[in-house]
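Here the structure comes first, spelled out in structure tokens, and everything after it is commentary.
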Amino acid sequence: MEFEFAERLKALPPYLFVMLDEMTAKKRAQGTNIIDFGIGDPDLPTPWPIIEALQREVAKPENHNYSSSAGERSLRVAVADWYKVRFGVDVDPDKEVCVTIGSKEGIFNIAQSFVNDRETIIAPSPGYPVYSAAATIFNNANCVKVPLRPEKNWLLDPADCPEGARMLYANYPNNPTGATCDEKYLKKLQDWCVENGTIFCYDNAYSEMCFDGYMAPSALQAGKDCIEFGSFSKTFNMTGYRLGYAVGHKDLIAGLKKCKGQIDSGAPKFIQKAGITALGLYNGSELPDEVKKNMDIYAERRKVLVDGLRSLGYKVNMPKATFYVWFDCGMPSMKFTEKMLDLGIVATPGVGFGQSAEGYVRMTVTQPKERIAEAIERMRKGSI
Ligand SMILES: Cc1ncc(COP(=O)(O)O)c(C=O)c1O
């Protein structure tokens, strides 16, 4: 017997990183020594106090049963406290916070909760693929991909966005471009959404991955007519733990909680408790030492990669945030990616994040400096 996918699943494009993994696995099987700058998955360990908390909490029987899809109240309180300390914003842990199973889950389920058939979702292009793929297709919505342009510092311009859309996703510090924004820009986006009756979904997964004194703002600093998604993944090297949070307007949080109530039973309690320890590392708006130490490592690697690429003749910006280096590769991005793979280097083609990013490539600094230097040498010898 054969089983056919549902139409909406058929309509879903293959997930970029699954394809990339398959290509890389083939090369590895041929014996190539791979230097992987592909997926945005930190190679550094979770800070030790968080691991200790996890060990402690997993041993407690009261943490072995179901949580709730809204998340443990103690973690919601910790998120609210953290918003106060980090962004100076007051939020109600009961009405304005929801724990998510990684921010990806929340980013998808907010569309399930608020978007009706044939309504429009605005997604930046290039952008995190979930906005235009799963969030759009599983809701029978219509996605308008609004191009981000280098001449506008990769900032989504509301003037390019269609009126009457139901939802708009924006993400700074940005994957894949590494672009950043300020609070004034977020106010402009939020005001535009309010004027147009559009739900503003702000993806702040990289809010803490900042360098050179830059600290990313929160959309909530510009007002609460929005929902913001945050993540433990990149801040604390906790991608595999699957823990995030949504904070914002009480109606949007209530809708998300109602939707999740039918779908999941929350992240494991012991992981949520470890999350409380993670947020508790902050004493003020500055990055705590445990996080800063890692960001300093990424910052150094970023410099080695950017300097190396510049020495090969590429025009590359030094990103102020994220662990992504994004540059014009001077040819179709898939062709460049294939050439790189022949040298045993994995990079991500810009076209995978949207047609308007054709010609660009993303490299993630999740390799030690020596491996980055080796990759640059391979590129030099391979005349790329
Ligand atoms: C822009 C952006 N948003 C959200 C996520 C999801 O992160 P997580 O589900 O691990 O919190 C990612 C992951 O790479 C991302 O790049």
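In each ligand, atom 1 is the first atom listed, and ligand 1 is the first ligand listed.
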Salt bridge or not between K10 and E4? Use side-chain N to carboxylate O under 4.0 Å. yes
Check this for me: does any side-chain nitrogen of one of D296 and K292 sit under 4.0 Å from a carboxylate oxygen of the other? yes
Check whether the ring centres of Y206 and Y324 lie less than 6.0 Å apart, and answer yes or no. yes
So, do I345 and Q367 sit near enough that their side-chain heavy atoms are less than 4.5 Å apart? no
Please tabulate, one line per pair, the protein N or O atoms found under 3.5 Å from any N or O atom of ligand 1, giving the distance to one decimal.
residue: ligand 1; atom: 3 (N); partner: D203; partner atom: OD1; Å: 3.2
residue: ligand 1; atom: 3 (N); partner: D203; partner atom: OD2; Å: 2.5
residue: ligand 1; atom: 7 (O); partner: S103; partner atom: OG; Å: 3.3
residue: ligand 1; atom: 9 (O); partner: S103; partner atom: N; Å: 3.2
residue: ligand 1; atom: 9 (O); partner: K104; partner atom: N; Å: 2.9
residue: ligand 1; atom: 9 (O); partner: R242; partner atom: NH2; Å: 2.7
residue: ligand 1; atom: 10 (O); partner: S233; partner atom: OG; Å: 2.6
residue: ligand 1; atom: 10 (O); partner: R242; partner atom: NH1; Å: 2.9
residue: ligand 1; atom: 11 (O); partner: S103; partner atom: N; Å: 2.7
residue: ligand 1; atom: 11 (O); partner: S103; partner atom: OG; Å: 2.8
residue: ligand 1; atom: 11 (O); partner: S231; partner atom: OG; Å: 2.6
residue: ligand 1; atom: 11 (O); partner: S233; partner atom: OG; Å: 3.4
residue: ligand 1; atom: 14 (O); partner: Y206; partner atom: OH; Å: 3.4
residue: ligand 1; atom: 14 (O); partner: K234; partner atom: NZ; Å: 2.8
residue: ligand 1; atom: 16 (O); partner: N175; partner atom: ND2; Å: 2.7
residue: ligand 1; atom: 16 (O); partner: Y206; partner atom: OH; Å: 2.7

Sorted by chain and residue number, the side chain to side chain contact (heavy atoms under 4.5 Å, CB included) partners of S233 (sequence neighbours excluded) come out as S231, T239, R242
Salt bridge (charged side-chain N to carboxylate O under 4.0 Å, His left out) between E374 and R371, worked out: CA-CA 5 Å; E374 187 186 331; R371 294 288 277 170; 3.2 Å; yes
